[in-house]
Number of protein chains: 2
Amino acid sequence: MSKKIVVVKAHKDEVAMQIVRDTAAKYGYTAELYGSLDEAKPHLEDAEIIHGMGMGLLKYAPNAKWYCISSAGVNGYDADYFDERGVLVSNSAGTYGTTIAEHIIMMATMIMRHMFMFEDYRRSGTWLGQQDIHEDFRTLCGSRILVLGTGNLGATFASRVRSFEPASIIGGSRSGREVKEFDRVVKMDELDSELPNYDLIVMCLPGTPETDNILNKERLALLSKDAIIINVGRGNAIDEEALVEALKNDRIAAAALDVFKEEPLPEESPLWHTKNLYVTPHVSGQETAHITRELNMRMFAEDIENYCEGRPLKYAVDLRRGY
Amino acid sequence: MSKKIVVVKAHKDEVAMQIVRDTAAKYGYTAELYGSLDEAKPHLEDAEIIHGMGMGLLKYAPNAKWYCISSAGVNGYDADYFDERGVLVSNSAGTYGTTIAEHIIMMATMIMRHMFMFEDYRRSGTWLGQQDIHEDFRTLCGSRILVLGTGNLGATFASRVRSFEPASIIGGSRSGREVKEFDRVVKMDELDSELPNYDLIVMCLPGTPETDNILNKERLALLSKDAIIINVGRGNAIDEEALVEALKNDRIAAAALDVFKEEPLPEESPLWHTKNLYVTPHVSGQETAHITRELNMRMFAEDIENYCEGRPLKYAVDLRRGY
């Protein structure tokens with residue numbers, strides 16, 4: 001058995017990878033970086049530790065003892081298969097809060113400041129004068145914000161948006177456990193009475209059976225007419241058909257979705273062309289920013305130390321619970 | 001002479017106006033709100049206090065003793081005319097920081113996250129997969145930020161962006177006087193040695209002869225290839241031709257301009273269609289958000305009290321200095 005670590009990343013970032021190489025070397029491991037599963041395949045046979053995404057990677061690595069999943073979400077991973085093979089599993093929750101918080105604030109301000117409309121005018125080279133702007137701008141300052149999911153994503157967003165002086169930042173979680181970044185945290189089963197009170201609803205939930213359609217038709221009907229929904233968690237959490245209906249009928253103000261029930265979002269999906277609905281192709285997180293890749297590798301290196309020193313993995317994840 | 005206040009606002013906001021009406025009533029004044037100079041004209045003859053924009057308003061108000069200008073910038077106002085007539089003058093600096101800070105952060109994140117490109121794909125209903133995103137995202141987190149102008153706009157932006165954990169937030173001002181929102185403040189005449197060191201340059205300068213083309217061809221050449229420029233101050237501060245050249249030749253990364261040497265920006269201006277240059281039609285501030293209109297009226301009401309109690313105006317402005 002060779003002491004070998006294989007890392008698979010769509011963005012090959014040698015600067016970030018060096019963090020892993022340095023830690024690996026301390027314990028006599030080699031660490032290799034590949035840009036895709038295909039590229040990595042010939043090198044997975046004797047890998048002891050693997051880092052990347054998807055079940056494919058593990059299946060080509062028959063000798064792997066630990067799989068570090070590079071995403072925060074772990075839906076789509078077969079817990080039974082891990083158990084049978086006795087493979088340790090960790091994930092990368094904690095990596096994405098920084099970049100996703102910036103995405104949320106970008107989308108919220110774009111919607112609040114009618115930036116999608118101004119893009120029409122910019123693209124046609126037309127100045128839209130003050131007197132021709134009939135809709136109010138809104139601001140994060142003074143907004144009542146509800147964040148569903150109080151983990152790394154929700155809490156990082158809350159810590160950023162606090163400085164804009166919103167009226168309130170309330171969290172929502174299964175347990176209702178207090179988290180310092182929020183004014184208070186409500187339990188998910190108190191959601192119905194809470195929903196009417198917010199200007200901005202940010203969804204940072206993991207994809208689990210419990211979060212399936214948590215924003216369903218009945219709950220969408222409870223929202224304020226001014227409500228803006230931003231989903232950066234998982235697509236399962238919103239009844240997409242009901243959302244399209246709510247937007248078509250102006251029952252809520254707008255929605256920005258970065259995650260969907262089906263990804264890639266099919267060409268024929270009505271979500272692409274629904275009024276006041278803004279699609280981004282699951283880019284709020286991912287490893288498109290160097291800072292994310294570096295944080296991701298730092299956390300992995302931390303657990304390489306734990307693994308090599310015989311300590312439990314800090315970022316171990318429960319695949320059945322989903323986080 | 002009747003005790004009369006006339007307010008002219010493109011956005012007639014009765015909720016915000018009530019603040020002024022209440023204060024006016026305490027001192028036996030009436031306060032009237034009109035949507036345009038044309039609408040206000042028949043009512044200006046006997047107004048003692050006027051609030052709005054432009055020299056026209058003052059010229060139709062021969063009995064005005066105090067003109068409160070509703071903008072922060074006061075270029076275009078004839079100081080001699082005010083002096084000859086002995087009219088007090090104040091402005092509304094301090095009103096716009098909240099909304100403009102959100103504009104700056106919106107534009108910076110849109111550029112850093114390639115949102116203008118993603119808009120192309122969204123509009124055509126096309127999913128852009130991870131593997132097809134070749135350019136790095138950047139984040140405010142870790143960015144080196146230079147803010148030219150350390151007044152209300154710059155300082156409010158700095159206070160917001162601080163929570164994103166940028167590498168540094170440095171201010172630039174004529175005096176170099178320390179302002180608590182910045183790590184340090186450099187003098188404008190130290191600018192040349194500072195400019196190469198920043199990822200994001202935010203311009204919040206007033207329109208004065210001193211700020212004319214402060215970002216000229218030579219200084220643009222000093223910027224980093226990754227530099228992003230955002231101008232929300234006044235259009236006079238940038239040599240627009242040199243900026244277009246710098247962007248065309250990829251000497252800097254991008255620019256977002258909300259203010260221009262000539263406004264409305266003429267249809268034939270190359271700024272509309274220059275690569276990586278994003279035009280908004282002077283909407284970063286203005287009174288498009290209720291929160292701005294409310295703050296604007298609160299400050300005006302504060303000075304109505306000062307005026308009626310015989311105290312100096314808190315928001316008095318020096319038209320010759322420009323702020």
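Just so we're on the same page: letters track the sequence lines, and every chain starts at 1.
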If you count the non-hydrogen atoms of other residues, nucleotides and ligands that lie under 6.0 Å from OH in B:Tyr60, is the total more than 12?
-> no
Region of B:Phe118 in contact with chain A, defined by heavy-atom distances below 4.5 Å = side chain
Check: A:Val279 main-chain N/O paired with B:Arg122 side-chain donor or acceptor under 3.5 Å = no
Answer with side chain, backbone, both or neither: which region of B:His114 has an atom nearer than 4.5 Å to a non-hydrogen atom of chain A?
-> neither
Please flag which part of B:Leu277 lies under 4.5 Å from any non-hydrogen atom of chain A: side chain, backbone, both or neither.
-> backbone
Is any side-chain heavy atom of A:Gln130 closer than 4.5 Å to a side-chain heavy atom of B:Pro281?
-> no
Tell me, side chain or backbone of B:Thr98 under 4.5 Å from chain A's heavy atoms, or both, or neither?
-> side chain
With only heavy atoms counted, which part of B:Glu287 is less than 4.5 Å from chain A, the side chain, the backbone, both or neither?
-> backbone
Atom group of B:Phe116 that falls short of 4.5 Å from chain A, counting heavy atoms | both
Given a strict heavy-atom distance threshold of 4.5 Å, which part of B:Arg293 is in contact with chain A: side chain, backbone, both, or neither?
-> side chain
Chain B contacts, top residue of A:Arg113, A:Arg162, A:His134 (heavy-atom pairs, under 4.5 Å) | A:Arg113
More than 12 heavy atoms of other residues, nucleotides or ligands under 6.0 Å from CD of B:Glu241: is that the case?
-> no
What one should report as the nearest heavy-atom pair of B:Arg123 and A:Glu119 is NH2-CB, 3.3 Å
Given side chains that start at C-beta, do those of B:Met115 and A:Met110 come closer than 4.5 Å, heavy atoms only?
-> yes
Considering only heavy atoms and a distance below 4.5 Å, find which of B:Thr288, B:Asp136, B:Asp13, B:Thr109 pairs most often with chain A.
-> B:Thr288
Would you indicate whether B:Lys180, at its atom NZ, is surrounded by more than 12 heavy atoms from other residues, nucleotides or ligands within a distance under 6.0 Å?
-> no
At a heavy-atom separation under 4.5 Å, does B:Gln131 approach chain A through its side chain, its backbone, both, or neither?
-> neither
Check each atom of B:Leu140 against the heavy atoms of chain A and say whether the ones under 4.5 Å are side chain, backbone, both or neither.
-> both
Top of A:Arg138, A:His290, A:His103 for chain B proximity - count of heavy-atom pairs under 4.5 angstrom = A:His103
Sub-3.5 Å donor-acceptor pair from the side chain of B:Glu165 to the main-chain atoms of A:Arg160, do we have one?
-> no
Which one, A:Thr292, A:Val283, A:Ile133, A:Ile105, leads in non-hydrogen pairs under 4.5 Å with chain B?
-> A:Val283
Closest approach of B:Ser163 to A:Ser163 (non-hydrogen atoms, all atoms of both residues) | OG-OG, 3.2 Å
With a 4.5 Å cut-off on heavy-atom pairs, point out which of A:Ala108, A:Pro266, A:Pro264, A:Ala10 contacts chain B the most.
-> A:Pro264
Check: B:Phe260 ring centroid to A:Trp127 ring centroid under 6.0 Å = yes
Could you tell me which portion of B:His273 (side chain, backbone, both or neither) has an atom closer than 4.5 angstrom to a non-hydrogen atom of chain A?
-> side chain
Taking the side chain as C-beta and beyond, is there a heavy-atom pair between A:Ile291 and B:Phe137 under 4.5 Å?
-> no
Using non-hydrogen atoms and a 4.5 Å limit, figure out which bit of B:Leu265 sits close to chain A: side chain, backbone, both or neither.
-> both
Tell me, side chain or backbone of B:Thr126 under 4.5 Å from chain A's heavy atoms, or both, or neither?
-> backbone
Using a cut-off of under 4.5 Å on heavy-atom pairs, state which of A:Leu128, A:Thr99, A:Val161 scores highest against chain B.
-> A:Thr99
OG of B:Ser124 to CD of A:Glu267: how many Å apart, nearest 0.5 Å?
-> 9.0 Å
Contacting region of B:Asp120 [heavy-atom separation from chain A under 4.5 Å] | both
